[in-house]
Amino acid sequence: VDPRLVVRAQAGDQEAFAALAAESLGRLNAVARLVLRDQDAADDAVQDALVSAWRGLPALREPERFGGWLNRLLVRACYDRARRERRRRVAEVRVTPIGEPASGDAQASTAMHDLFERSLGRLPIDQRAAIVAVYYLDLTIPEAAAMVGIPVGTMKSRLHRSLQSLHAIVDADERGAVSARESVA
Amino acid sequence: MNERRDMDRLLRLHLAATADPTPSRGQLDALMGRVATTSQRPAWTGVLTADGRAAMGEGGRGEVRIAALLVAAMLLLALLAIGLLVGGRKDLAVNPGPVATPPAIALLPSPRALPTPTTFITPTAQPTDRGPDCTARDEHLASLGVTAGLAWGSGSPPPSGAHPTPGRIATWSANTDGPSTVDLLDPATGARTPFMDLGLTPGKYSQLAWSPDGSTLAITSSGDCGEVTLMRTSDGIVRLDPGPGTTLEAGSLEWSPDSSQVAVIPIGLAQPVGTHVWILPRDGSPKIDLGPPCAGCNTFWFRWSPDGRHLAGIYQTQGDQSTSGVAIADPSAGTWTVFPEGSVGGLLPGWRDDHRLIADLSPDGTDRFIEYDVNTGSRTVLPIHSPSTTGAFTLLRDGRHVLEFSNTGTGGNVRDSLLLLDLDTGSRRTVWMAPRGIQLGGGILAPDGSAYVMDAGHPDPAQPNDTWVIRLDGSGATKLAGIDIGDGSWQPVVH
């Protein structure tokens, strides 16, 4: 992010802010959709985060930290949206297209993608946010903790809990597949 | 097969493949439509001058904010006085256990008894040119009180063989609409005593750490006003200024065992690429840059060896084929020793008194406890399984026990537990099981290893967090209802 754009946006330049938003939109969309798993809610969260950013920009003292600051606003907006969505009991989940498998047997990779998709969907939102911060944005645990706004220790326990849940779901799925094969045999 | 690394790799691939960054139709236009009708919040522009008068920002807001600060400070002092008279919030303590009551806190009569809060410790004893933003923020910091009853002043190491007892826990009291403070929390009652005024920008401060001699609370500032603020209990606030434009990473502050220096991690240094580790002496001597342990790698979770001769942490290379391991620095020689292992476990590395390091890594796809001998450069994989059902957190100060976390169930049926693993025998015992539905997080270890403090969230995020003081002798836990201490540092009191 060009800090000069941030400085201009801080002074009220909407064109500069539009350029910042356009530059950040892809990353924000990806993160919000992974965390919320609902495209409409994710789009709303991204917009909430960017409007909050516009309102709060004059108070941002380090223009070069704009990206990290915006990530934090997005996580907060995702939590807010999730709370509202839960109240409305909207259960529609958009199934995102699965990309080309990177390597190995295509069928097995697709099955693994499906498995992850189901498993991630069963995690609470705070655990998904932790996983997205570390495994998608490639942040270190202290950076991820700062982004999500929790202590490092909490991020560690949250990640541990999420990976443990993923392992448990994958193991259960594999056990189910074996038992299905055995019953067919 | 290396299951853990495979899981990590597959998870990364899955997230990369399913992430959808495509803007929705008209997303940017809709956003800019809202922006066009949304006013920006004005920035805080008040700056105090040397004689305490306000140099005004636009529209007199600075004056109003300063007046609000003064009123808030007076209210806090009044609350302090009431708190001293009443003697704390004993009603919050349930199931009281044998956690020792910390020594009494003596408060100076007024903040004016303390030196000016703009003392900088630098090689030239002068603040560097930190720019107007940093200067504006500096003026908000003030000390509200100091602890007394310590055996010596700052700068002196504790006597040999001294054993610390738990004092109070320094923790944040963040307030989004007004001045925020660092409070001292009594772990027996939950009573809070304001300790430092952080002004209006609590987000600037990222970590608290008491020095091992209990004389000084260090606080790191994030952003490009990065510095280490030292609240000396003997004489107030001083600042370690590592230089202009410094940004310090959250969670990287580590005191040396003799309380003479702190290790911190600056962010974004250009050359050489990778996470550098800086050592800042508390007397303002020039910093030592240990550089990164390997080209381009991230490093974190540093711990000083008991003799202060080594600093060990975890490193992680970047990219899809990332690997992790242990990195041990010898600051006097300026060298690093690196042990590549595989992926990293959850245990903060810890030192035994015999200067051997214990870490939790996965050299073969399974979590292992590994012991590193810095004298011989050897490593030994301990014959103890670290199953995926438990997560190792912290090596206790005896060097023989590891605190672990375990959970079963989900949502309202979750049962979280703390376990103690004996590294000599491999046996585990449950120290405490949280009530059903309570999810534990965070963690602050008492200076003498007698207790561990965790925050407890509810499955319903609308419910406030509680704090549990868990006694590691297995005798139970004390709940501090409605108190969310989040991050903090437990003061050692050395008699």
Side-chain angles (χ1 to χ4, degrees), chain A residues 12 14 17-18 21-22 25-27 29-30 33-34 39 43 46-47 50-51 54-59 61-62 64-65 79 83 96-100 102 112-113 116-117 124 131-132 135-136 138 140-143 145-146 150-154 156-161 163-167 170, chain B residues 7-8 10-24 27-28 30-32 34-36 38-44 133 137 201 204 206 222-225 247 249-252 298 300 316 318 346 388-389 391 393 405 407 410-411 439-444 455 461-462 486-487:
Chain A
Q14 292 186 12
F17 185 74
L25 212 49
R27 184 186 80 251
N29 280 337
R33 289 167 191 175
L34 286 172
Q39 182 163 357
D43 288 356
V46 168
Q47 191 166 113
L50 283 166
V51 171
W54 166 252
R55 293 190 68 218
L57 255 178
R61 294 202 191 280
E62 307 100 29
E64 67 280 8
R65 307 294 292 167
Y79 286 175
R83 273 193 285 272
T96 50
I98 293 171
E100 196 66 31
M112 185 53 82
H113 275 308
F116 273 127
E117 196 63 16
I131 281 186
V132 169
Y135 289 95
Y136 178 69
D138 236 359
T140 64
I141 287 181
E143 288 168 344
I150 55 177
V152 173
T154 305
K156 283 171 57 187
S157 60
R158 196 170 284 178
L159 258 188
H160 169 75
R161 199 191 303 273
L163 292 177
Q164 198 180 33
S165 303
L166 280 180
H167 271 292
V170 169
Chain B
M7 177 77 148
D8 286 0
L10 288 171
L11 187 54
R12 282 179 202 281
L13 283 174
H14 171 78
L15 293 173
T18 53
D20 179 10
T22 318
S24 302
Q27 193 178 11
L28 191 58
L31 167 71
M32 293 316 295
R34 277 185 69 185
V35 164
T38 303
S39 305
Q40 288 188 310
R41 273 195 297 264
W44 153 244
D133 283 348
R137 193 217 56 191
T201 52
K204 296 285 182 188
S206 50
S222 51
D224 61 1
C225 306
T247 300
E249 184 173 281
S252 71
N298 290 322
F300 48 95
Q316 196 169 39
Q318 296 173 15
S388 63
T389 50
F393 266 97
F405 166 84
N407 75 300
T410 57
Q439 298 195 357
L440 300 174
I444 305 168
D455 63 75
D487 218 351

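All chains are named by letter (A, B, ...) in the order of the sequence lines, taking the proteins before the strands, and each is independently numbered beginning at 1. All values below were derived from every heavy atom in this structure, side-chain atoms included, with hydrogens, water molecules and symmetry-related copies excluded. Predicted, not measured: the structure shown is a model, and the values here were computed from it.
- For the pair A:Asp43 and B:Gln27, the tightest heavy-atom approach, listed with the atom from each and the gap, is OD1-NE2, 3.8 Å.
- Residues B:Leu28 and A:Ala18 come closest through the heavy atom pair CD1-O, 4.3 Å.
- B:Leu15 contributes atom CG, which lies 10.0 Å from atom OH of A:Tyr135 (distance to the nearest 0.5 angstrom).
- Across all non-hydrogen atoms, the minimal contact from A:Gly26 to B:Pro21 is O-CB, 3.2 Å.
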*What do the steps show when you test B:Leu31 against A:Val46 for side chain to side chain contact (heavy atoms under 4.5 Å, CB included), and what is the final call?*
CA-CA 9 Å; B:Leu31 167 71; A:Val46 168; over 6 Å; no
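- Inter-residue side-chain proximity for A:Leu50 and B:Val35 is flagged as unmet; no heavy-atom pair is nearer than 4.5 Å.
- Residue contact with chain B, scored on non-hydrogen atoms closer than 4.5 Å, involves the backbone and the side chain of A:Ile131 alike.
- A:Gln47 approaches B:Ala30 most closely through the heavy-atom pair NE2-CB, 3.7 Å.
- Two residues are said to be in side-chain contact when any heavy atoms from C-beta on lie closer than 4.5 Å; A:Asn29 and B:Thr22 fail this criterion.
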